[in-house]
Every structure is written in structure tokens, then in C-alpha cells.
Student: 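I'd like to ask you about the structure that follows.
Positions are given from 1, in the same order as the sequence printed here. First listed ligand is number 1; within each ligand, the first listed atom is number 1. Computed over heavy atoms, backbone and side chain alike; hydrogens, waters and symmetry mates excluded.
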Amino acid sequence: MPASSASTGAVTTDMHVGVVTLFPPMFRALTGHGISGRALREGLVALRFFNPRDYTTDRHRTVDDRPYGGGPGMLMKTAPTSAAIRAAKATVGGPVLMLSPQGKPLTQARVAALAAQEQMILLCGRYEGIDERVLDTLVDEEYSLGDFVLSGGELAAMALLDAVIRLQPGALGAEASAVEDSFSAGLLDHPHYTRPEEFEGRRVPEVLLSGDHARIARWRLQQRLGVTWRKRPDLLERLQLGAQEQALLEEYIRQYEGGNEAGDSET
Ligand code: 9D3
């Protein structure tokens, strides 16, 4: 089913993304599978690729070049890279965002801001990088996935796109995450259980079989607080807990320090 407005039935694409990359086929991981694949097929988001190799003018279609000053490694060749970015700006428009180890760390808040854009261009670097003058002239912002080394920007661009696409109205995930964001942002998830009730000698927590929805909600919130306290105390420090949340966390900590590893209520 195509993206459409309920009142008019008109087909609308919410977001147009230009991707500047030497390796468009890598994006099949994103376009061919799951929620992102479906959203792209339905036209919620349109992707267009701009390959610097298509903007070369030499016989060998050269896309790399040597760095002034010497040293190991190559850079992306200046003219084809800038031509591909300019073509993306002319046909797609929007800010040019480069995926780069020098970028601002990508967070859910930044993903949510990008998800509201109607157009954007993602620039994927390869080799040791891109001539600084091209970046100064054509790149608006830089985003990083974190302090570890990838071989290029493509996997980072796909991660960004996956996160942005699942927030588009009509994508599976958009509804659930909207609820989640207003309800309990900044906490890790609670544990999940599915059948059978006993697996390899270990039972599902009794509360989840009780049918008492208020008690289940309370247990899940307590687990989220407790898991965050145990695994990501840095996240908890940024939150201002309410009185009930504080009490739930204190109960979890008492039980945890008392040696109940699951942090599970014993009553
Ligand atoms: C090992 C090469 N480094 C020189 C000391 C510089 C370097 C160049 C190119 C490091 C990584 C890359 C390619 N990385 C990305 O394009 C990238 C990235 C990353 O490596 N980590 C986290 N987020 C991102 S976003 C893009």
C-alpha cells in the first residue's frame, strides 16, 4: 500500500533522501528488509543515490586521489565527490549531513529532529576522508555513531536512516515509539518473556501470568528503572524521578542488594 492521506487518498512521500556513496548496493541491507524496506516500498521515504563514480571524466573513472603532504591512504577525489553532492543538492535539496567520526554523536533526540525534515542529503565518506574545502563549502552538519572506527560512512548512514524511517508516520514502529517517548524516555527496556511458562527449568515471573494489568505495568516500570540503574547509571543521573518511581527503584535496589539477581519481587 502506498503512503496516502486518509481524507484525499493522495499519495504523498513524507521524506526525500539523497545518498552520496561509492557503494549504493550496500543500501540493499536497508531497502530490502524489515520495517525500513516496507516504508521505502510504500513510498513513505524516497531514496536517491548519487555515486561520485558517475561524475568522473577520466577513462578509468577514478574516485580516489593522493593526499597533499603525503602519508598512507587516499582521499575521495575532489571533483567527482563535489559534483555528486551538487547533483544531490539540485535534485533532492535539504541540508547536507556527513557521516563522520568527527561528527556530533547521534542520539534519539537528533534522530527525531531529522525525522521531521522533508529532504536531506547523506554524504558517506570512504578512504581516509574528503578534501577539507569540499566539506567547508558543501557540508552543513556531521554525525558520528560513536568512538569506534568503521571503514566508511555507509553503515552509519544506514543506521541513521533506519532510525529516521521507523519514526515516519505510517511506518511500523512510529506509533509504539511515540507512546514510549512521552511515557518513559531515557530508561532502558524491561525484560520480555514468551512461551513456554517454564524454559530449561526457569519460570516466567509470576506477575506476568496474573492478568493484573496495573501490577504488570508497575513491575515493568520497576524493571526498567532497575535495569537502567544496573547497566546504564549514566542515563539515570540525567533523569528527575518522581516519588513513585524513586520508591520503585529503591525497592528494586533493596531486593537486588539482598541477592535476588533477577530483581524480581518475592511476594
Ligand atoms: C583509521 C583511519 N582514521 C585515521 C586515523 C581516520 C578514519 C577515516 C575514515 C576513521 C574512520 C573512517 C571511516 N568512518 C566513517 O566514515 C564513519 C564513522 C566511524 O568510523 N565511526 C563512527 N561513526 C562513523 S560515521 C562515519
Student: Using a 6.0 Å cut-off, check whether atom CD of Glu198 has over 12 heavy atoms from anything other than its own residue.
Tutor: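 Enclosed: over 12 neighbouring heavy atoms sit under 6.0 Å from CD of Glu198.
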
Student: Between His190 and Trp219, how do the two ring planes meet: parallel, tilted or perpendicular, split at 30° and 60°?
Tutor: tilted

Student: N/O of Leu145 under 3.5 Å from N/O of ligand 1, yes or no?
Tutor: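 Looking only at distances, the answer is yes, because the N/O contact criterion of under 3.5 Å is met.
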
Student: Within the structure, does at least one protein heavy atom fall under 4.0 Å of atom 8 (C) of ligand 1?
Tutor: yes

Student: Measure Ser100 to ligand 1 on non-hydrogen atoms and call it side chain, backbone, both or neither using the 4.0 Å cut-off.
Tutor: backbone

Student: Report yes if Leu150 has an N/O atom closer than 3.5 Å to an N/O atom of ligand 1; otherwise report no.
Tutor: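 There is such a contact, yes.
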
Student: Polar contacts were defined as any N/O atom of the residue lying under 3.5 Å from an N/O atom of the ligand; does this apply to Pro101 and ligand 1?
Tutor: no

Student: Could you list the atoms of ligand 1 found under 4.0 angstrom from a heavy atom of Ala156?
Tutor: 25 (S)

Student: Using a 4.0 Å heavy-atom cut-off, which part of Glu128 comes near ligand 1: side chain, backbone, both, or neither?
Tutor: both

Student: Can you name the atoms of ligand 1, numbered from 1 with element, that are less than 4.0 Å from a heavy atom of Ser144?
Tutor: 22 (C), 23 (N)

Student: Please say whether more than 12 non-hydrogen atoms of neighbouring residues, nucleotides or ligands are located less than 6.0 Å from CZ in Arg66.
Tutor: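 No, because the 6.0 Å sphere around CZ of Arg66 holds 12 heavy atoms or fewer from other groups.
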
Student: Flag yes if more than 12 heavy atoms outside Asp147 fall under 6.0 Å of its CG atom; otherwise flag no.
Tutor: no

Student: Just distances here: any N/O of Val149 and N/O of ligand 1 closer than 3.5 Å?
Tutor: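 Between Val149 and ligand 1, no N or O pair is found under 3.5 Å apart.
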
Student: Check this for me: His192, atom NE2, are more than 12 non-hydrogen atoms of other residues, nucleotides or ligands nearer than 6.0 Å?
Tutor: yes

Student: With a 4.0 Å cut-off, would you call Arg203 and Glu197 a salt bridge?
Tutor: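 Answer for the salt bridge query: yes.
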
Student: Any idea which atoms of ligand 1 are less than 4.0 Å away from a heavy-atom of Tyr143?
Tutor: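 Matching atoms, with element in brackets: 25 (S).
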
Student: Check whether any side-chain heavy atom of Leu122 sits under 4.5 Å from a side-chain heavy atom of Thr21, and report yes or no.
Tutor: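 Sidechains of Thr21 and Leu122: no contact.
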
Student: Heavy-atom count around Phe148 CZ within 6.0 Å, excluding the residue itself: above 12?
Tutor: yes

Student: Touching ligand 1 at all, Gly129? Heavy atoms, strictly under 4.0 Å?
Tutor: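 Judged by the 4.0 Å heavy-atom criterion, Gly129 does not count as contacting ligand 1.
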
Student: Among all the protein's non-hydrogen atoms, which is closest to atom 22 (C) of ligand 1, and how far away is it?
Tutor: Gly146 O, 3.1 Å

Student: For atom 21 (N) of ligand 1, what is the closest protein heavy atom, and at what distance to 0.1 Å?
Tutor: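 Residue, atom and distance for the closest contact: Phe148 O, 2.6 Å.
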
Student: For a quick check under 3.5 Å, do Tyr252 and Glu250 share a side-chain donor-acceptor pair by atom type?
Tutor: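 Per modelled atom types, Tyr252 and Glu250 side chains form no pair under 3.5 Å.
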
